[in-house]
Amino acid sequence: MTHLNWHLIRQTCGKLLLLESFFMASATGVSAYYCLTQCEHDLWALAVPSMLCFLTGFILWFSARKKVTQHVSNHEGFLIVSLMWIVFSIFGLMPYLIYGTCNTLCDAFLETMSGFTTTGCTVLTNIDSQPHGILLWRSLTQWVGGLGIVVFSLALLPRIESGNVQMFSAEVTGMAVDKLRPKIQDTSRRLWLIYVSLTLICGCLYFVGGMSVFDSICHALTTISTGGFSTHQASLGYFQSGFIEMICVVFLFMASINFSLYYLFERRLFSHVWRNEELRWFCYIVGIFILLFFCLFYVQESQPGMSAEQIASLPGGFVSKLRTTIFHVMTIVSSCGFQGEIYDYQMWGPIFWLPTLFIMACGGCAGSTAGGFKVLRLVILIKNLKSVVRQTIMPYHLNTVMLDGRNLRSEFIQRTLGFTFLFFIIALCCMMVLVLQGLDFPTAVGSSVSAIGNCGPALGITGPAFTWADLPDLSKWVLAFTMLVGRLEIFTVIVLFSQYYWKK
């Protein structure tokens with residue numbers, strides 16, 4: 001078996017748990033305020049897990065503080081990143097169980113994993129009746145998971161020197177690190193400064209748009225993280241505001257592009273930003289699908305035999321169609337999953353399902369908080385296919401795959417092809433498990449794509465008008481694991497199941 005530095009793993013996990021206890025303590029403070037002012041009763045449900053998390057983290061850190069060598073190998077990096085998402089979820093589910101938000105361990109784990117992976121699916125059917133502390137904790141799980149637990153720790157905690165790059169690369173795929181700062185800790189701080197700034201601006205605009213202070217904070221946390229948790233069962237549709245929906249659209253778009261581009265924008269390197277091919281492709285995809293869905297609304301209206309319920313689910317005039325189309329495309333392609341005033345694409349008709357699943361699987365840009373397959377990989381696959389066809393026609397002609405004016409190395413293309421294979425194999429395996437559990441085909445397909453793409457709404461009984469509460473327990477565990485694999489870009493988790501990982 002390979003030699004792992006367990007002292008280092010223990011110390012790092014301890015620091016990360018101390019970080020989680022800080023966020024849980026923040027929710028506890030809010031709970032204490034509303035306990036005094038509105039007699040809510042979730043204080044101990046948050047305080048006890050917060051103290052347990054702090055004590056566990058302190059013991060792990062203290063017991064290994066003098067025994068750590070300052071280097072993290074690939075082995076430790078992958079294990080720490082994968083392990084901490086599970087450990088965070090174990091402590092994070094405790095408030096739901098203690099207060100009674102979730103009745104079973106399975107439901108609490110799915111809710112928590114959905115939060116930390118920013119998937120946004122929920123098993124709750126009574127969100128409006130939940131106390132403020134619990135609601136803030138749900139939002140914080142998504143905000144912390146947005147750019148990554150480990151990335152946040154590298155920004156705030158004392159660095160572990162050269163090993164930081166291993167954990168950073170396992171956490172943030174597709175980030176152009178060389179374009180930011182020379183040190184990983186400086187890069188992490190820069191990313192989180194951008195992240196926090198966007199959150200504050202978004203929250204202020206939500207408040208101006210008519211949300212309460214509490215609602216604007218929670219929705220800003222889950223908008224920038226592209227998570228989709230809301231403080232209301234009706235999601236953003238609760239506010240019945242086109243202005244709020246358009247604020248959401250703008251910030252979802254901003255959160256779906258590579259965060260390294262903001263640093264270039266700040267340095268006024270505008271040409272470098274626009275020359276980024278992934279950004280241009282993402283803009284094209286968003287624009288094309290907005291036009292497609294807008295046209296589909298008019299096509300669907302002309303279909304004979306539609307029920308009154310189906311007609312009522314469609315947007316009315318030109319402005320309503322445009323608003324609904326823009327919001328639908330951005331909330332799905334960003335993997336956020338917020339519901340607008342008109343949101344039930346399942347009722348709109350099957351003609352909307354396939355394009356919705358496509359942008360759900362596609363996702364946003366690499367190095368963003370959006371989930372999905374990532375536009376970068378789609379661009380590489382298309383360019384590689386073009387190169388293969390050209391090579392077939394002209395076998396003696398040297399063909400290369402170019403991205404942003406540079407030749408891509410063959411190992412990078414091979415990694416993309418391997419990721420593509422695993423992405424669809426895992427989604428297919430998840431779908432088969434759901435079908436064997438007795439779920440209908442649309443539910444199985446939609447839930448699998450939504451889970452691995454970290455989107456939230458799906459099809460069937462997990463569609464946008466439903467929660468995931470009615471799924472069998474085994475399906476919930478499988479989907480929770482699929483969310484983790486999708487959030488960590490597959491290789492970070494799958495490598496732990498390889499025999500080569502455990503060999504010296």
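One-based numbering along the sequence shown. Note: hydrogens, waters and symmetry copies are ignored here, and every other heavy atom, side chains too, is used.
Residues T462 and S447 have side chains that bring a donor and an acceptor to within less than 3.5 angstrom of each other. A donor-acceptor pair shorter than 3.5 Å cannot be found between the side chains of N454 and S335. Side-chain contact check for E111 and T122: at least one donor-acceptor pair (N or O, by modelled atom type) lies under 3.5 Å. If you check the side chains of S197 and Y262, you find no donor sitting under 3.5 Å from an acceptor.
Counting only distance, with no hydrogens or angles, the side chain of S216 and the backbone of V213 share a donor-acceptor pair below 3.5 Å. Side-chain atoms of E245 come within 3.5 Å of backbone atoms of E341 as a donor-acceptor pair (strictly under, hydrogens ignored). A distance-only check finds no donor-acceptor pair linking the side chain of S320 to the backbone of G317 [under 3.5 Å]. A donor-acceptor pair under 3.5 Å links the side-chain atoms of D440 to the main chain of T443, judged by distance alone. S450 places a side-chain N or O within 3.5 Å of a backbone atom of G456 that can act as its donor or acceptor partner. Not a single donor-acceptor pair under 3.5 Å links the side chain of T56 to the backbone N or O of C53. In this structure, the side chain of W137 engages the main chain of G92 through a donor-acceptor pair within 3.5 Å. In this structure, the side chain of R487 does not engage the main chain of S114 through any donor-acceptor pair within 3.5 Å. Using modelled atom types, no side-chain atom of T226 and backbone atom of C336 make a donor-acceptor pair closer than 3.5 Å. The backbone N or O of Y238 sits nowhere less than 3.5 Å from a side-chain atom of Q339 that would complete a donor-acceptor pair.
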### Query
Under the side-chain contact (heavy atoms from CB on, under 4.5 Å) criterion, do F229 and I127 qualify, and how do the steps go?
CA-CA 10 Å; F229 275 166; I127 295 176; over 6 Å; no

### Task
Verify side-chain contact (heavy atoms from CB on, under 4.5 Å) between T119 and L479, making sure each step is shown before the conclusion.
CA-CA 11 Å; T119 303; L479 288 168; over 6 Å; no

### Task
Test salt bridge (Lys or Arg N to Asp or Glu O under 4.0 Å) on K374 and E278 and set out the steps.
CA-CA 9 Å; K374 299 294 191 300; E278 184 187 25; over 6 Å; no

### Task
Take R323 and I342 through the test side-chain contact (heavy atoms from CB on, under 4.5 Å) and record every step on the way to the result.
CA-CA 9 Å; R323 166 185 161 187; I342 302 173; over 6 Å; no

### Task
Could you give me the CA-CA distance, side-chain angles and deciding distance for T12 and K15, then say whether side-chain contact (heavy atoms from CB on, under 4.5 Å) is met?
CA-CA 5 Å; T12 307; K15 290 179 179 179; 5.7 Å; no

### Message
Quick one, Y195 with W192, criterion ring-ring contact (aromatic ring centres under 6.0 Å, His included). Give me CA distance, side-chain angles, the key distance, then yes/no.
### Response
CA-CA 5 Å; Y195 194 59; W192 275 95; 4.6 Å; yes

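A distance of 8.0 Å separates CD1 of I452 from SG of C430, quoted to the nearest 0.5 Å. Between atom OG1 of residue T104 and atom CG of residue D473 there is a gap of 5.5 Å, rounded to the nearest 0.5 Å. Between I311 atom CD1 and M347 atom CE the span is 10.0 Å, to the nearest 0.5 Å. The line from CE of M330 to CD1 of I359 is 9.0 Å long, rounded to the nearest 0.5 Å. I290 CD1 to T324 OG1: the interatomic distance, rounded to the nearest 0.5 Å, is 12.0 Å. Considering CG of L488 and CE of M84, their distance stands at 12.0 Å, rounded to 0.5 Å.
Remark: aromatic rings of H232 and F239 are close, center separation under 6.0 Å. Proximity of the aromatic rings of F358 and F289 is defined here by a centroid distance below 6.0 angstrom, and this criterion is met. Ring centroid separation for the pair F88 and W85 does not come in under the 6.0 Å cut-off. Taking the six-membered ring where the residue is Trp, the centroids of F297 and F352 are separated by under 6.0 Å.
When side chains are defined from C-beta on, L428 counts as touching M431, because their heavy atoms get closer than 4.5 Å. A 4.5 Å side-chain heavy-atom check between F116 and L484 finds every atom pair outside the cut-off. With contacts defined as side-chain heavy-atom distances shorter than 4.5 Å, the pair V449/C455 does not qualify. Using a 4.5 Å heavy-atom cutoff, the side chains of Q130 and Y99 are in contact. In this structure the side chain of L459 reaches within 4.5 angstrom of the side chain of Y345, judged on heavy atoms. The shortest side-chain heavy-atom distance between L136 and C218 falls under the 4.5 Å cut-off. Put simply, the side chain of F338 reaches to within 4.5 Å of the side chain of T223, judged on heavy atoms. By the 4.5 Å heavy-atom criterion applied to side chains, F481 and V485 are counted as neighbours.
Heavy atoms only, all atoms of each residue included: Y34 and T37 are closest at CA-OG1, 3.4 Å. Shortest non-hydrogen contact noted between G100 and N103 is O-OD1, 3.9 Å. Closest approach of C106 and K476 over heavy atoms only: SG-CB, 3.4 Å. Residue I224 comes nearest to C202 through the heavy atom pair CD1-CB, 4.1 Å, listed as atom of the first residue, atom of the second, then distance. In plain terms, the two heavy atoms of S230 and L236 that are nearest each other are OG-N, 4.4 Å. Heavy-atom minimum distance, G363 versus V375: O-CG2, 3.7 Å.
Using a 30° and 60° split on the angle between ring planes, H219 and Y206 fall in the perpendicular class, above 60°.
In Q38, the CD atom is crowded: over 12 heavy atoms of neighbouring residues, nucleotides or ligands sit closer than 6.0 Å. Around atom CZ of F214, more than 12 heavy atoms belonging to other residues, nucleotides or ligands sit under 6.0 Å away.
For residues 298-327, the set of pairs meeting the ring pair (Phe, Tyr, Trp, His ring centres under 6.0 Å) definition, not counting sequence neighbours, comprises F294-Y298, F294-F318.
With respect to W143, the side-chain hydrogen bond (donor to acceptor under 3.5 Å, both in side chains) criterion is satisfied by exactly one of T199, T369, T118: T199.
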